[in-house]
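Both backbone and side-chain heavy atoms feed into the values below; hydrogens, waters and symmetry mates do not. Remember, it's a predicted structure, so these values are computed and weren't measured experimentally. Per chain, numbering begins at 1; letters A, B, ... match sequence-line order.
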Number of protein chains: 2
Amino acid sequence: MEKTLAKGLTLLETLARLGHPVGVTEAAKAVGLQKSNAHRLLRSLSELGYVRQIADTGRYELTLKLWEMGSRVIARLDIATEATPTMRKLAALTRETVHLSLLEGDDVVYVHKIDSPHPVRAYSAIGGRAPAHCVATGKALLAFQPPDAVDVSKVRKPFTDATITDPLDLRRELERIRKQGHAVNKGEWREGVFGVAAPILDASGRAVAAIGLSGPQDRFRPKAMKAWTPLVMAAARDLSRA
Amino acid sequence: MEKTLAKGLTLLETLARLGHPVGVTEAAKAVGLQKSNAHRLLRSLSELGYVRQIADTGRYELTLKLWEMGSRVIARLDIATEATPTMRKLAALTRETVHLSLLEGDDVVYVHKIDSPHPVRAYSAIGGRAPAHCVATGKALLAFQPPDAVDVSKVRKPFTDATITDPLDLRRELERIRKQGHAVNKGEWREGVFGVAAPILDASGRAVAAIGLSGPQDRFRPKAMKAWTPLVMAAARDLSRA
DNA sequence: GCCGGCCGTTCCACGATACGGAACAGCCAT
DNA sequence: ATGGCTGTTCCGTATCGTGGAACGGCCGGC
């Protein structure tokens with residue numbers, strides 16, 4: 001493993017995570033490096049265009065280069081922009097937060113969202129992650145993966161009392177999702193946060209993304225969920241042609 | 001300059017630019033590395049979570065990690081999401097492509113856009129760049145930078161016959177933009193592509209971003225521009241409070 | 001069915017390269 | 001003036017990355 005590369009990338013990650021300009025000393029401490037080492041890396045990153053030094057304070061901050069590269073990554077699967085109108089429609093009909101998620105390892109990554117107009121709503125960020133086995137979009141994605149792509153028997157971490165941890169339960173849940181065509185989450189990730197989601201399929205029937213609603217339990221009562229489910233499924237179907 | 005870091009990042013850039021999975025040999029050729037070197041870098045990047053190897057073909061592709069980091073970068077200046085409603089309104093009123101740009105060095109970077117519904121429209125990509133001195137949003141940004149932050153006398157490259165290259169002309173142009181509060185581009189970057197833009201200011205009067213319209217010359221006739229300019233300026237003013 | 005060429009992968013001795021402690025210069029508040 | 005902070009520079013040393021050559025598997029053409 002190339003040590004220098006690892007250090008440099010960790011430094012970039014740290015800068016991105018902190019989200020504000022940092023000095024050499026602070027950066028070194030945050031990443032666990034020698035001050036001179038951090039300094040050298042920052043200078044190199046600056047030369048490579050990933051980082052810039054603020055003239056008066058001497059601190060370093062990220063340029064937009066990382067973001068540009070990131071944009072290219074998603075442009076490839078330009079689902080995000082393509083899905084916007086459909087998501088917007090779904091948001092207007094339900095007045096709940098709409099998410100578009102991709103599967104990345106054992107997590108879902110939120111690639112796009114439209115926030116609910118309600119003042120009380122679950123927090124989430126574009127680019128954020130959640131364990132796939134305990135959110136609606138994640139379960140929808142897992143259920144429609146190619147056979148053997150999902151290791152059901154792997155041990156899953158619980159996050160609330162409702163989290164599915166038993167392999168057999170998960171297998172049954174995924175089967176039910178396949179049969180019904182949609183997934184439901186009743187506070188399995190965050191206490192009191194519910195959701196409904198459906199998979200977006202490619203021509204071969206594999207899920208490439210999932211679209212879903214989520215919000216506080218009091219607004220996700222059985223009656224509301226029943227009304228929304230066909231809307232979510234219709235939106236997913238709408239995006240599934242490709 | 002840390003060689004390993006530079007190589008690794010160049011490799012990531014290349015993967016992002018190509019936008020499709022690449023094999024070790026191909027990657028090595030594209031970046032100008034030894035095959036074994038490229039292989040080692042790809043393995044490390046994979047271990048660090050930036051890259052994944054596709055099981056059956058053996059090729060490597062980017063994960064979403066870069067994109068996640070990139071999202072954090074603009075989340076910081078979360079203008080993009082905040083500006084969406086205003087941009088949408090402007091797009092609806094004018095039926096032209098709306099851009100939101102930031103200044104990055106001598107370039108503008110498009111951080112958000114809403115495409116014109118017209119079939120004929122200028123091409124641009126989110127995350128894309130253009131030289132600041134010859135697009136409308138760029139000139140709006142330059143005009144409202146702190147004094148001495150812009151080196152007017154630096155030599156600028158021409159791209160069309162209309163590009164401003166004379167330092168004195170540029171200085172006058174920026175002064176006019178400051179006075180009028182908006183900038184205009186008449187094919188100074190791409191032949192036949194016009195635009196109008198206005199700066200988004202922070203409390204101190206510095207431009208942190210710019211919003212603008214752009215499209216083909218035939219739709220950007222004087223009369224239309226005159227009608228749109230106040231709309232663009234109103235949108236920019238709307239986003240300027242913070 | 002064999003063979004040639006391509007692929008991704010591994011190995012290892014050499015030598016360039018990154019490391020990190022210590023010292024420097026500038027700034028600010030005490 | 002002084003002490004403690006900052007970002008920065010230097011340099012000998014050992015570590016770490018390097019790249020050529022070789023391996024095994026896969027595929028397509030003869």
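Summary of the strand contacts: A:G58 and A:L5 both lie near DNA chain D, and taking for each the nucleotide with the nearest heavy atom, the more 5' one is attributed to A:G58.
Separating the CE atom of B:M1 from the P atom of C:dC19 is a distance of 14 Å, rounded to the nearest angstrom. Regarding A:E26, its CD atom lies at a distance of 12 Å from the C1' atom of D:dT6, rounded to whole Å. The NZ-C1' distance, from A:K7 to C:dA18, rounds to 8 Å in whole Å. Summarising the geometry, the separation between CG on B:L41 and C1' on D:dC16 is reported as 13 Å, rounded to the nearest angstrom. The distance between atom CD of B:E2 and atom C1' of C:dA18, rounded to the nearest whole Å, is 7 Å. Atom CG of B:N37 is separated from atom C1' of D:dG19 by 8 Å (rounded to the nearest Å). Distance B:R40 CZ to D:dG19 C1': 8 Å, rounded to the nearest Å. When the P atom of C:dG21 is taken as reference, atom CG of A:L33 falls 12 Å away, rounded to whole Å.
A salt bridge is absent between B:K7 and A:E2; no separation between the charged side-chain nitrogens and carboxylate oxygens falls under 4.0 Å. Ion pair B:R59/B:E26 not flagged as a salt bridge, since none of the NZ, NE, NH1 or NH2 atoms sits closer than 4.0 Å to an Asp/Glu carboxylate oxygen. Under the 4.0 Å criterion applied to side-chain N and carboxylate O atoms, A:K65 and B:E104 are not assigned as salt-bridge partners. Classification of A:E173 and A:R176 as a salt-bridged pair holds, one side-chain N sitting under 4.0 Å from a carboxylate O.
For the pair A:Y60 and D:dT8, the criterion of a side-chain N or O lying under 4.0 Å from OP1 or OP2 is met. At the phosphate of D:dG7, neither OP1 nor OP2 sits under 4.0 Å from any side-chain N or O atom of A:R59. A:H39 has a side-chain polar atom (N or O) that falls below the 4.0 Å cut-off from OP1 or OP2 of D:dT8.
Below 30°, between 30° and 60°, or above 60°: for A:H39 and A:Y60 the angle between ring planes is above 60°, a perpendicular geometry. Below 30°, between 30° and 60°, or above 60°: for B:F159 and B:W189 the angle between ring planes is above 60°, a perpendicular geometry.
Proximity of residues 44-55 of chain A to DNA chain C (heavy atom under 4.0 angstrom from any strand atom) is not detected for any residue.
At least one side-chain heavy atom of A:T163 sits under 4.5 Å from a side-chain heavy atom of A:H133. Side-chain atoms of B:H99 and B:S214, non-hydrogen and from C-beta on, do get closer than 4.5 Å to each other.
Taking CD1 of A:I74 as the start and OG of B:S71 as the end, the distance is 6.5 Å to the nearest 0.5 Å. Put simply, OG1 on A:T4 and CG on A:N37 are 8.0 Å apart, with the number rounded to the nearest 0.5 Å.
The backbone N or O of B:G49 lies less than 3.5 Å from a partner atom in the side chain of B:T63, making a donor-acceptor pair.
Nearest heavy atoms, A:I164 versus A:R156: O-CB, 4.1 Å.
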Under 3.5 Å, N/O pairs linking protein and nucleotides 20-23 of chain D:
from	atom 1	to	atom 2	distance (Å)
D:dG20	OP2	B:Q34	NE2	2.3
D:dG20	O6	B:S36	OG	3.4

Please enumerate all protein N or O atoms sitting under 3.5 Å from an N or O of nucleotides 28-30 of chain C, with distances to 0.1 Å.
none

